[in-house]
2 protein chains.
Amino acid sequence: MTQPIAQALSARLRDMILAGEFRGGQHLREVQLAQMFGASRTPVRLALAANEKDGLLAYSPNRGYVVRPFDPGDIAGAFEMRALIEGLAARKAAERGLSDEALRRIAEAIDTVARVLATDEALDDGAREAWRTHNAVFHRTIIESADNRFIAPTLQTVQRIPSVYPPVLASYDPALLRKYNDHHRGIRDCIVARQGVRAEFLMREHVTVAGEDIRASLHPAPELAGAAE
Amino acid sequence: MTQPIAQALSARLRDMILAGEFRGGQHLREVQLAQMFGASRTPVRLALAANEKDGLLAYSPNRGYVVRPFDPGDIAGAFEMRALIEGLAARKAAERGLSDEALRRIAEAIDTVARVLATDEALDDGAREAWRTHNAVFHRTIIESADNRFIAPTLQTVQRIPSVYPPVLASYDPALLRKYNDHHRGIRDCIVARQGVRAEFLMREHVTVAGEDIRASLHPAPELAGAAE
DNA sequence: TAAGGTGGGATTGCATGCAAACGGACCGAC
DNA sequence: GTCGGTCCGTTTGCATGCAATCCCACCTTA
């Protein structure tokens with residue numbers, strides 16, 4: 001990204017924005033952030049520029065940076081992009097085939113999640129952490145198997161959205177997570193069978209459904225929250 | 001992006017990279033760029049960081065920035081992404097419908113290109129410029145009609161690739177450009193008819209074909225350059 | 001001769017100072 | 001009372017200085 005300290009500040013600032021510690025439209029002052037982080041204005045300025053490039057801040061010349069507001073339409077748009085691009089990754093992975101190592105990691109991720117979800121009770125913190133980790137392994141492995149250098153960075157930018165990002169992610173309803181793990185199995189089977197088109201559309205559907213679930217859990221009135229798309 | 005001077009430097013640096021004025025892997029030194037641009041190191045540093053975020057430079061702590069090499073596989077990957085995302089834009093535009101203004105601009109773009117291509121002779125500079133402009137209007141209008149804030153920035157990053165970017169674009173073969181304009185007509189008709197799926201796949205096909213043509217024109221041996229995908 | 005260590009030049013990383021631009025408050029005029 | 005203008009505090013934008021790191025060549029030693 002940039003340089004050692006600036007890089008760390010950029011990540012810290014990003015996490016604060018994603019965690020919702022600033023309100024939308026808020027003006028971020030360099031000196032204020034600098035003393036908050038115990039650094040000088042120079043690395044802070046780089047961190048601001050980096051987060052602006054990531055779409056989290058808006059810049060005006062001579063006026064500085066404000067945090068960009070996000071609305072439900074943006075969340076829907078982000079999941080549209082995610083579905084499309086992860087679908088591409090699944091298709092490419094199927095066309096190219098998975099390495100033994102990739103296949104092993106995917107199998108392990110699916111199996112571990114299945115074990116964690118064997119109960120119907122609410123998940124404790126450890127179980128939630130395990131789910132997050134292995135869910136991420138599944139997706140990341142497919143993305144890395146897709147042989148397209150543009151996929152990973154693009155996905156990162158559309159996934160880093162305030163109010164919908166991994167640490168805040170899901171309601172952790174075991175029924176939902178089991179459904180997702182079934183999706184994962186289906187996608188894995190299609191990739192192994194080298195059925196690229198099926199893998200693409202199953203992945204697209206998987207991401208779309210997950211997005212609708214998340215948006216439903218965010219809406220105050222959860223009746224048909226996702227169906228309006 | 002960043003601040004006034006730094007912003008200008010960032011664009012100048014980007015254009016130099018895209019124009020191929022540095023070789024892949026070349027180390028860009030801050031002081032050298034600073035005196036080349038007649039500025040100090042501070043805005044140069046910001047310009048370097050911005051271009052790194054755009055994927056044109058690679059950064060290593062305490063070692064600075066090197067220009068990232070691109071190979072034919074990267075070009076193919078970029079067109080894969082472009083086809084997918086512009087397809088999404090076409091589908092969304094069809095689903096939402098075009099404004100009268102957007103429809104007018106698209107019609108004008110298609111008609112103007114048709115007039116420019118009425119001859120079979122090689123295009124002069126003015127004709128090439130006209131084609132570039134109106135081709136861009138067609139694509140941009142659809143992208144702006146898609147109502148997804150992530151589409152435009154993502155497309156920009158996958159289109160800004162050394163050796164394949166608008167000013168260097170096409171061989172300007174009138175037969176090819178007429179083919180593209182026919183594609184545009186078909187896409188326009190689908191969008192107007194609110195046939196989102198057809199619009200999506202026609203756009204995807206259009207971009208894919210254009211990418212194969214470009215890659216064929218770059219390859220030394222142009223036999224089946226695009227068919228290997 | 002080859003391997004390892006060491007010193008110096010060059011380059012990046014960060015802090016700070018100064019100039020320019022912005023924004024808001026106060027004041028005056030109509 | 002409202003509109004327009006001017007002044008001043010605040011903030012950003014850029015230049016520069018200094019410390020830390022790195023790279024490379026040279027030297028030492030086995």
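We name chains A, B, ... by the order of the sequence lines, and we start the count at 1 in each one.
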Do B:Lys92 and B:Glu95 pass the salt bridge (charged side-chain N to carboxylate O under 4.0 Å, His left out) test, and can you show the C-alpha distance, the side-chain angles, and the key distance before you say yes or no? CA-CA 5 Å; B:Lys92 294 269 297 180; B:Glu95 290 170 353; 5.4 Å; no

Of all the choices, [options], which nucleotide is nearest to the side chain of [X] once you look at every atom?
X: A:Arg45; options: C:dT11, D:dT12, C:dA15; result: D:dT12
X: B:Arg29; options: C:dT11, C:dA15, D:dA15; result: C:dT11
X: B:Glu30; options: C:dG13, D:dC14, D:dG13; result: C:dG13

Given the ring of A:Phe70, does B:Arg149 sit roughly above its face, with NZ or CZ under 6.0 Å from the centre of the six-membered ring and within 45° of the axis?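 Pair B:Arg149/A:Phe70 counts as cation-pi.
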
Whether B:Arg188 engages the ring of B:Phe138 as a cation-pi pair (distance to the six-membered ring centre under 6.0 angstrom, angle to the ring normal within 45°) should be assessed.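 No - B:Arg188 does not lie over the ring of B:Phe138 by the 6.0 Å and 45° rule.
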
Integer-rounded Å distance: [N] [atom2] and [X] [atom1]:
X: B:Gln35; N: C:dA10; atom1: CD; atom2: P; value: 14 Å
X: B:Leu46; N: D:dC14; atom1: CG; atom2: P; value: 8 Å
X: B:Phe37; N: D:dA15; atom1: CZ; atom2: C1'; value: 17 Å
X: B:Gln32; N: C:dT11; atom1: CD; atom2: P; value: 9 Å
X: A:Arg41; N: C:dA19; atom1: CZ; atom2: P; value: 15 Å

Presence of salt bridge, A:Glu144 and A:Arg105, under 4.0 angstrom: yes

Taking only side-chain nitrogens and oxygens of B:Tyr59, does any of them come within less than 4.0 Å of OP1 or OP2 of C:dG13? yes

Please check the phosphate of D:dC23 (OP1 and OP2 only) for any side-chain N or O of B:His27 closer than 4.0 Å.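 Indeed not, no polar side-chain atom of B:His27 lies that close.
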
Of B:Thr42 and B:Val31, the one whose closest DNA chain C nucleotide lies more 5':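 Looking at DNA chain C, the more 5' nearest nucleotide goes with B:Val31.
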
Taking only residues two or more places apart in sequence or in another chain, which ones pass ring pair (Phe, Tyr, Trp, His ring centres under 6.0 Å) with A:His139?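 Ring pair (Phe, Tyr, Trp, His ring centres under 6.0 Å) list for A:His139, sorted by chain: A:His184, A:His206.
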
How is B:Leu28 classified with respect to the nucleic acid when contacts are heavy atoms under 4.0 Å: base, sugar-phosphate, or nothing? sugar-phosphate

Donor-acceptor under 3.5 Å (B:Asp71 side chain, B:Gly73 main chain): yes

Keeping the roles fixed (side chain from B:Asn181, backbone from B:Leu177), state whether a donor-acceptor pair exists under 3.5 Å. no

Considering only nitrogen or oxygen atoms on both sides, find all protein atoms under 3.5 Å from nucleotides 22-24 of chain C and state each distance.
unit_1	atom_1	unit_2	atom_2	d
C:dG23	OP1	A:Arg63	NE	3.3
C:dG23	OP1	A:Arg63	NH1	2.8

